[in-house]
A.B. asks: 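One structure coming up, written as structure tokens, with questions to follow.
Each chain gets a letter, A, B and so on, in the order its sequence line appears, and its residues count up from 1.
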Amino acid sequence: MAKVQNIKGMRDHLPQAMLLRQYILETVRRVAERHGFEPLQTPVVEYAEVLEGKLGDDEKLIYRFTDHGERGLALRYDQTVPLARVVAQYAGQLALPWRRYAYGPSYRGERPARGRYREFYQFDADIVGSGSPLADAEIVALLTESLEALGFPGFTTLLNHRQIIGGIARTSGLDETSAGGVYRAIDKFDKLGADGVLAELLRMGVAPAAADQILALVQIDGTPGEVLAALAERLGADARATAAITNLWAIIDALGQMGVSPERYRVAPRLARGLSYYTGLVFEANTPHWPEGSLLGGGRYDELIGQFAGRPIPTVGLAFGLDRLHDVMEELGLGPRPATTAVAYVTVFGPEQAAASLALARELRAGGVNTLISLETGALGKQFKEADRKGVRFALVLGPDELTRGEVVVKDLRGGGQRSLPQAEVVAALLAE
RNA sequence: GUGCCUGUAGCUCAAUGGCAGAGCGCCUGAUUGUGGAUCUGGAAGUUGUGGGUUCGAGCCCCAUCAGGCACCCCA
């Protein structure tokens with residue numbers, strides 16, 4: 001017999017988990033469509049060369065394989081690179097700026113851990129073809145609305161800009177090549193603390209004076225305005241950092257005008273983020289209930305699509321991690337969590353009543369009530385038990401007595417009461433619950 | 001990819017190298033028009049898998065698969 005087992009890091013999602021996952025997806029999708037985003041779906045498999053050269057060090061995590069035709073293929077690593085391919089390939093058919101959302105699995109050959117899988121589902125939303133700070137702000141507004149709609153308490157979105165980090169590195173006397181290690185070190189600030197980051201910087205050969213300078217810049221805290229003002233003062237000599245600060249100002253202004261609560265975001269100069277294609281704004285949303293790793297992340301990548309299209313197409317976007325959202329919501333007890341899809345369970349009293357029960361089930365379904373019908377007749381106790389175990393709220397009985405009266409017994413399995421209603425009123429009664 | 005921990009019934013877990021167990025769940029009956037509570041009886045296992053040591057292995061050793069934690073990185 002074949003192995004009854006999952007591939008490492010790849011999971012089955014049983015009905016109860018799927019119901020919550022679908023709720024999350026629907027909630028986020030509705031928010032995106034409210035902003036006019038359009039759906040896109042691309043294949044899970046791409047030519048390996050499409051994915052290569054875009055991800056930096058992360059490339060070693062790409063799943064690669066060869067098909068029967070000896071083509072070098074790869075499972076997509078995210079939904080951003082495929083988006084870039086699509087934008088280039090259908091340039092004539094897409095009216096820019098284009099707001100697009102996508103949902104599906106991506107694959108990374110990492111060591112699995114809690115909240116981290118080799119097959120994981122993301123919901124992406126991107127605005128293609130606009131460099132306006134309004135686009136950046138709209139993405140942040142979208143994520144804020146989504147997390148609020150899902151009922152997350154106390155989440156915070158950290159905002160930063162790649163050229164602020166770059167400016168910190170440059171004004172500390174570091175060249176671009178050693179900057180990568182610095183980004184990673186300062187990104188760990190929350191985990192290691194100031195001393196830990198300092199040790200890490202010194203270990204990688206950063207001069208003590210430069211390391212102190214970096215630490216001081218990275219620890220700037222306060223309201224977005226305070227942080228940006230302090231950064232402007234200290235990075236004023238760096239033209240690109242100054243432009244980045246101006247850009248973040250514009251984004252934050254727009255967030256205010258869009259009605260995003262100032263309590264939902266902060267400017268955090270230490271936020272780095274790994275993906276190498278980001279060029280401007282970077283952000284991630286965190287919740288105190290998930291100390292390691294973020295719920296979602298994103299940023300502006302103005303050059304990636306140009307690698308396919310041959311001309312710069314500025315783009316900003318984000319990716320929700322469905323698996324993490326699900327795990328955190330599960331732990332916090334957020335969201336509705338029905339045990340099953342059915343609301344009503346129609347019992348079958350006996351062979352003579354089967355036709356009437358089937359007709360009742362049909363009527364309920366036509367009226368919009370999700371309905372399960374018993375596949376066994378007789379032994380009502382057993383049928384009630386099945387309904388109860390499945391988590392169906394109402395059990396309906398159509399026995400000889402009810403049939404002669406033209407009524408249906410509606411039994412509430414959650415409370416325990418039951419009442420007999422005229423058959424014509426049953427659909428309305430169940431919909432009213 | 002590196003290091004550490006774990007893997008026994010559907011689930012949670014016991015079992016000095018010496019007869020594989022409990023609780024919950026499941027099935028059955030008390031109840032042939034009523035689930036949940038209580039009680040009756042019952043089924044359930046190649047101890048993740050493959051080797052090795054031993055008179056004898058769930059327990060010790062090796063390998064492998066899977067899960068968790070820490071690195072690394074990210075959703």
Side-chain angles (χ1 to χ4, degrees), chain A residues 1-12 14 24 28 55-61 77-80 103-124 143 180-181 183-185 187-188 191-192 196 200 271-276 278 282-287 290-299 317-328 345 347-350 353 374 377-403 409-418 420:
Chain A
M1 197 164 79
K3 272 197 221 179
V4 182
Q5 194 175 62
N6 290 74
I7 302 293
K8 185 205 260 295
M10 308 206 181
R11 306 184 298 164
D12 300 309
L14 297 180
I24 296 168
V28 176
L55 301 167
D57 291 342
D58 296 333
E59 272 196 33
K60 59 179 185 285
L61 301 179
Y77 178 92
D78 62 17
Q79 301 189 103
T80 306
Y103 170 75
S106 296
Y107 300 84
R108 297 181 190 177
E110 289 186 284
R111 185 83 169 253
R114 179 148 187 73
R116 182 187 206 176
Y117 308 97
R118 287 186 171 179
E119 177 185 70
F120 60 99
Y121 283 75
Q122 287 184 318
F123 181 94
D124 282 36
L143 81 84
Y183 299 163
R184 279 193 290 277
D187 198 36
K188 284 187 253 180
K191 195 188 290 184
L192 299 180
E200 183 101 359
L271 176 68
R273 296 196 54 76
L275 291 177
S276 56
Y278 291 123
V282 290
F283 58 85
E284 68 180 38
N286 295 294
T287 161
W290 192 271
E292 304 296 333
S294 51
L295 293 173
L296 61 89
L318 64 81
F320 286 88
L322 254 285
D323 303 273
R324 279 187 190 173
L325 286 173
H326 176 274
D327 289 353
V328 178
Y345 181 103
T347 60
V348 179
F349 191 88
Q353 291 79 21
S374 173
T377 64
L380 279 185
K382 270 189 162 180
Q383 298 187 40
F384 285 136
K385 192 166 184 176
E386 187 196 347
D388 184 50
R389 285 180 43 208
K390 284 258 189 292
V392 182
R393 169 109 188 252
F394 296 101
L396 309 194
V397 181
L398 253 186
D401 299 347
E402 287 76 21
L403 279 171
V409 166
V410 176
K411 182 180 174 65
D412 187 341
L413 293 174
R414 202 166 67 187
Q418 68 178 48
S420 195

A.B. asks: Which nucleotide in the set B:A75, B:C4, B:G35 lies at the smallest distance from any side-chain heavy atom of A:Arg111?
C.D. replies: B:C4
A.B. asks: Say we look at B:U12 and B:G25: how far apart would their C1' atoms be, to the nearest angstrom?
C.D. replies: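 About 11 Å, rounded to a whole number of Å.
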A.B. asks: Tell me: CG of A:Asn6 to C1' of B:A66, nearest whole Å?
C.D. replies: 9 Å
A.B. asks: Please measure how far the P atom in B:A57 lies from the corresponding atom in B:G50, and state the result in whole Å.
C.D. replies: 15 Å
A.B. asks: If we take the P atom in both B:C24 and B:A37, what is their distance in whole Å?
C.D. replies: 11 Å
A.B. asks: Once you apply the 3.5 Å cut-off to both distances, tell me the Watson-Crick or G-U wobble partner of B:A70, or none.
C.D. replies: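 Base-paired to B:U2.
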A.B. asks: Answer with base, sugar-phosphate or nothing: what part of the nucleic acid does A:Gln418 contact at a heavy-atom distance below 4.0 Å?
C.D. replies: base
A.B. asks: Would one find a side-chain N or O of A:Lys390 under 4.0 angstrom from OP1 or OP2 of B:G35?
C.D. replies: no
A.B. asks: Nearest-Å distance, CE (A:Met10) to P (B:C65)?
C.D. replies: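 My rounded result for the distance is 15 Å.
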A.B. asks: Both distances under 3.5 Å, Watson-Crick or G-U wobble: report the partner of B:U38, or none.
C.D. replies: B:A30
A.B. asks: Could you check how far CG of A:Asp12 sits from C1' of B:G67, rounded to whole Å?
C.D. replies: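 It works out to 14 Å between those atoms.
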A.B. asks: Could you work out which one of B:G35, B:U34, B:A75 sits closest to the side chain of A:Leu380?
C.D. replies: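 Taking heavy atoms from C-beta onward, the closest nucleotide is B:U34.
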A.B. asks: Across the strands shown, which category fits A:Gly391 at heavy-atom distances under 4.0 angstrom: base, sugar-phosphate, nothing?
C.D. replies: nothing
A.B. asks: Using atom C1' of each nucleotide, how far apart are B:G67 and B:U31 to the nearest Å?
C.D. replies: 45 Å
A.B. asks: Considering only atom P, compute the distance from B:C62 to B:A43 and round it to an integer number of Å.
C.D. replies: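 Straight-line distance between the two P atoms is 40 Å.
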A.B. asks: Just say parallel, tilted or perpendicular for the rings of A:Phe320 and A:Phe123, cut-offs at 30° and 60°.
C.D. replies: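 The rings of A:Phe320 and A:Phe123 stand perpendicular, inter-plane angle above 60°.
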A.B. asks: Indicate whether OP1 or OP2 belonging to B:C26 is found under 4.0 Å from a side-chain N or O atom of A:Lys385.
C.D. replies: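 So the side chain of A:Lys385 is outside the cut-off, no N or O lying under 4.0 Å from OP1 or OP2 of B:C26.
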A.B. asks: With a non-hydrogen cut-off below 4.0 angstrom, is A:Arg414 in contact with a base, only sugar-phosphate, or nothing?
C.D. replies: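 The answer is base, as A:Arg414 lies within the cut-off (heavy atoms under 4.0 Å) of a base atom.
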A.B. asks: For nucleotides B:A15 and B:U2, find the distance between their C1' atoms and express it as a whole number of Å.
C.D. replies: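 Approximately 35 Å lies between the C1' atom of B:A15 and that of B:U2.
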A.B. asks: So A:Leu296 and A:Phe283, do their side chains get closer than 4.5 Å, heavy atoms only?
C.D. replies: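 Result yes, sub-4.5 Å side-chain heavy-atom pair found.
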A.B. asks: Is any side-chain heavy atom of A:Leu413 closer than 4.5 Å to a side-chain heavy atom of A:Phe394?
C.D. replies: no
A.B. asks: Without decimals, in angstroms, what is the distance between A:Lys382 NZ and B:U32 P?
C.D. replies: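 Answer to the nearest Å: 12 Å.
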A.B. asks: What contact category does A:Glu119 fall into here, base, sugar-phosphate, or nothing, at under 4.0 angstrom with non-hydrogen atoms?
C.D. replies: nothing
A.B. asks: According to the Watson-Crick and G-U wobble definitions, with both distances under 3.5 Å, which nucleotide is paired to B:A22?
C.D. replies: B:U12
A.B. asks: Mind checking if A:Lys8 touches a base, just sugar-phosphate, or nothing, with heavy atoms under 4.0 Å?
C.D. replies: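 A:Lys8: backbone/sugar contact only, no base atoms under 4.0 Å.
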A.B. asks: So what does A:Ala113 hit on the nucleic acid, given a heavy-atom distance under 4.0 Å: a base, only sugar-phosphate, or nothing?
C.D. replies: sugar-phosphate
A.B. asks: With P as the reference atom in both, quote the distance from B:G35 to B:G29 in angstrom, rounded to an integer.
C.D. replies: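 Per the computed distance, 13 Å lies between those P atoms.
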A.B. asks: B:G10 phosphate, OP1 or OP2: any side-chain N/O from A:Arg389 under 4.0 angstrom?
C.D. replies: no
A.B. asks: Indicate, with a heavy-atom threshold strictly under 4.0 Å, whether A:Phe320 touches base, sugar-phosphate, or nothing.
C.D. replies: nothing
A.B. asks: So is A:Lys390 actually on top of A:Tyr345's ring, under 6.0 Å and inside 45° of the axis?
C.D. replies: no
A.B. asks: Within the 4.0 Å heavy-atom criterion, would you say A:Gly109 contacts the bases, only the backbone, or no part of the nucleic acid?
C.D. replies: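 The answer is nothing, as A:Gly109 stays clear of every strand by at least 4.0 Å.
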A.B. asks: If B:G56 has a Watson-Crick or G-U wobble mate with both distances under 3.5 Å, name it; if not, just say none.
C.D. replies: none
A.B. asks: Between P on B:G67 and CZ on A:Arg116, what's the gap in Å once rounded to a whole number?
C.D. replies: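 Atom CZ in A:Arg116 sits about 13 Å away from atom P in B:G67.
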A.B. asks: Would you say CZ of A:Arg414 has more than 12 non-hydrogen atoms from neighbouring residues, nucleotides or ligands within 6.0 angstrom?
C.D. replies: no
A.B. asks: With heavy atoms under 4.0 Å as the rule, sort A:Tyr121 into base, sugar-phosphate or nothing.
C.D. replies: nothing
A.B. asks: Go through A:Leu380 and A:Phe349 one step at a time and tell me if the side-chain contact (heavy atoms from CB on, under 4.5 Å) criterion holds.
C.D. replies: CA-CA 7 Å; A:Leu380 279 185; A:Phe349 191 88; 4.0 Å; yes
A.B. asks: Using the six-membered ring of A:Tyr77, assess whether NZ or CZ of A:Arg108 lies under 6.0 Å from its centre and within 45 degrees of the ring axis.
C.D. replies: yes
A.B. asks: Using whole Å, what does the distance between atom C1' of nucleotide B:U2 and atom CD of A:Glu110 come to?
C.D. replies: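 It works out to 15 Å between those atoms.
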A.B. asks: Can you tell me how far P in B:C19 sits from the matching atom in B:U47, rounded to whole Å?
C.D. replies: 15 Å
